[in-house]
Amino acid sequence: MTSKELKTYGKSDYVSELDSSSAGKIVTLTGFVHRKREHGGVIFIIFRDPTGIVQVAGHRKHASQAAFEAMQQVTLESAIRLIGKVQVDKRAPTGIEIHVTSFEIVSLAGSEWPLEKDAGDAFLYDKRHLYLRSPSQTAIMQIKAEISRAAHEHLDGEGFTEIFPPILVSASVEGGATLFPLEYFGSTAYLSQSAQLYEEAAICGLEKVYLIAPSFRAEKHRTRRHLTEFWHLEAELTFATHDDIMGVEERLVHAICKHIKSKCKRQLTLLGAKIKVPSLPFKRITYDEAIEIAAQQGFKASWGEDFGREIERAISQQFKEPFFIKGYPTSARSFYHLPDPDRPEVTLSSDLIAPGGFGELTSGGQRIHDLDQLMERIHEQSLDPSSYSWYLELREFGLPPHAGFGMGLERCLVWLLGLKHIREACLFPRTPSRIRP
RNA sequence: GCCGGGGUGGCUCAGCCCGGUAGAGCGGGAGGCUGUUAACCUCUAGGUCGAGUGUUCGAAUCGCUCCCCCGGCGCCA
């Protein structure tokens, strides 16, 4: 039978559903040739679908001639459909084996599948469109989807409303240097680097909002933590303080960890990742205390500046669970952060730091809701008020105290799974040196 | 932008210091094999050594210029 004759693929089974209790069952599988080992009279094919791999055995004397010949002919990564009987066999890699009765090549792959065992990272990402098929990359994408699902379920449960912000914007959140410009009917528009300003507009109607949307940063970073395009989980709520938003953040991170740990066991095992669900509430230390911790590790941080990477890592290494550093100096934060009324040189803001040297996971805080105070900060930072006209107008019409945060979805994945590089967390990563495939 | 590492068959690399005209493993092709575990055995094809330029009888190898890639930092999620 060829695929042209098929009325339906009649798919009924997935690899992950097969175990020793399936012995004797006739299954129909669709997927790909992951490995092939040919021995003359017997051929082993490692079959792969989205849920795992299983060995398929074809014997010249037992399988039909058509099935055996198709197995001889098939190449690595060809798409196949097969019917066979499940058998328990200790010699098979997963302890289970399918003895073929029907083997159909749905789409024959060329003989030179380029991804070999010793392929380097650069090559794998040049071939990302093919590399994505591999079990590890499939598992990462499945977990990424579950992080999104966990976030939706958790935030919906806390009464947040999902919003869908613009990606094409006219001004930046904090400056201009890190925006990607584009031609927009004779004027210049930019790709959004954060939806925060739009969230602040949305909360007066919706009270609690969140989004998962792409953000763009035109910064030539050469590190394993940076992308030029990433998926940004941002939330904002009104009638709320800095303490309220830290509560939202820690409950969310806790919920994500719990969800992934229970829903993604197979993927975590495959990736060799273990998730420790952190206990609530997370520790909160002040910026000043963080400086002291750095000093104990032999690092001198000068007050008023954000921590450098080395110092942040040293501080993070002193913790076993995520923790907040709060009270960052006003001089080190963006113009919209609310200065502490009792101590204006620091802001009511915080970063959530992942432990063990990982570093920043989220950044958030309470925003300035008073117009005069915001204008003052805009002038202090030499920004142009006309760029923020609608954002300022929000403050003229009853904007309550409010707070929010942002988290990079890919960074969350890197932390949870212990990935070596943030590009592993992306379907098609975008970095300064990579825009294709 | 700054600091460091690197560009040699399809892939991963050796050769470069001490110049003599390119090699391995994997992958590909052909053949063999009834229990493999990214199988094994035999045969085989495949490279203007990142680009330009200089020195030299001779450059993958030495000098200069440039390009690209990788890691780190500044900054950030």
Side-chain angles (χ1 to χ4, degrees), chain A residues 33-46 48 53-63 68 72 75-77 87 89-95 97 99 110-127 130-131 134-135 173-175 177-178 193-196 212-234 249 305-313 328 332-334 351-354 358-364 405-415 420-423 425 431-434:
Chain A
V33 176
H34 190 60
R35 305 270 186 268
K36 179 180 172 182
R37 293 184 277 273
E38 205 172 345
H39 300 262
V42 59
I43 300 172
F44 298 108
I45 280 171
I46 305 298
R48 185 188 72 236
I53 59 168
V54 68
Q55 177 159 286
V56 175
H59 297 80
R60 175 173 271 136
K61 286 185 180 167
H62 305 310
F68 191 80
Q72 282 183 306
T75 47
L76 224 53
E77 292 299 330
Q87 308 225 332
D89 194 317
K90 274 183 254 174
R91 296 170 296 184
T94 60
E97 192 167 86
H99 284 228
S111 63
E112 293 190 50
W113 174 252
L115 305 187
E116 301 170 37
K117 62 177 174 181
D118 51 3
D121 285 345
F123 185 71
L124 288 174
Y125 285 92
D126 285 343
K127 302 290 182 186
L130 303 177
Y131 182 36
S134 70
V173 173
E174 331 196 358
T178 66
Q193 57 175 205
S194 166
Q196 187 200 316
I212 300 177
S215 281
F216 304 86
R217 305 279 163 93
E219 297 160 344
K220 278 200 166 184
H221 293 301
R222 271 224 93 77
T223 81
R224 59 181 85 178
R225 302 185 309 282
H226 288 92
L227 296 162
T228 51
E229 174 180 334
F230 66 96
W231 285 78
H232 211 169
L233 190 166
E234 295 179 276
E249 291 176 60
E305 289 173 18
D306 208 341
F307 300 121
R309 177 66 190 145
E310 192 180 36
I311 291 176
E312 188 187 69
R313 187 184 295 121
Y328 280 89
R333 288 302 231 198
S334 305
D351 287 353
L352 178 59
I353 312 291
F358 183 86
E360 189 176 333
L361 205 56
T362 79
S363 187
F405 76 93
M407 175 173 80
L409 212 59
E410 289 83 3
R411 282 210 179 155
C412 184
L413 254 184
V414 169
W415 171 58
K420 290 192 300 291
H421 198 295
I422 196 164
R423 66 189 163 210
T431 64
S433 62
R434 174 151 262 125

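Proteins get letters first, then strands, A, B, ... in listed order; numbering begins at 1 in each.
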Contacts of H59(A) that satisfy ring pair (Phe, Tyr, Trp, His ring centres under 6.0 Å) - sequence neighbours left out: H62(A), H99(A)

Counterpart residues, ring pair (Phe, Tyr, Trp, His ring centres under 6.0 Å), relative to Y328(A) (two or more places apart):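 Here the qualifying residues are Y287(A).
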
Between G74(B) (P) and D306(A) (CG): distance, integer Å: 10 Å

R48(A) and E77(A) ion-paired at < 4.0 Å: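 E77(A) and R48(A): salt-bridged.
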
Distance-only donor-acceptor test (3.5 Å): side chain H226(A), base C75(B): yes

Base C69(B) to side chain R434(A), donor-acceptor N/O within 3.5 Å cut-off: no

Residue pair Q55(A) / E97(A), side-chain donor-acceptor N/O under 3.5 Å: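 The answer is yes; a qualifying pair exists.
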
Can you check the distance between [N] and [M], where both ends of the measurement are the [atom1] atom (answer in whole Å)?
N	M	atom1	result
A24(B)	G71(B)	P	31 Å
G4(B)	C11(B)	P	29 Å
A14(B)	G50(B)	P	13 Å
G28(B)	C70(B)	C1'	28 Å
U61(B)	U56(B)	P	16 Å

Opposite nucleotide pairing with C17(B), Watson-Crick or G-U, both atom distances under 3.5 Å: none

Watson-Crick or G-U wobble partner of C26(B), both distances under 3.5 Å: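 Per the H-bond distance test, G10(B).
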
Sugar-phosphate or base contact per nucleotide [nucleotides 28-38 of chain B; S, B, -; heavy atom under 4.0 Å]: SS---BBBBBB

Sugar-phosphate only, base, or nothing, as touched by R222(A) at under 4.0 Å among non-hydrogen atoms: base

Per R224(A) side chain, nearest of listed nucleotides G72(B), A77(B), G10(B): G72(B)

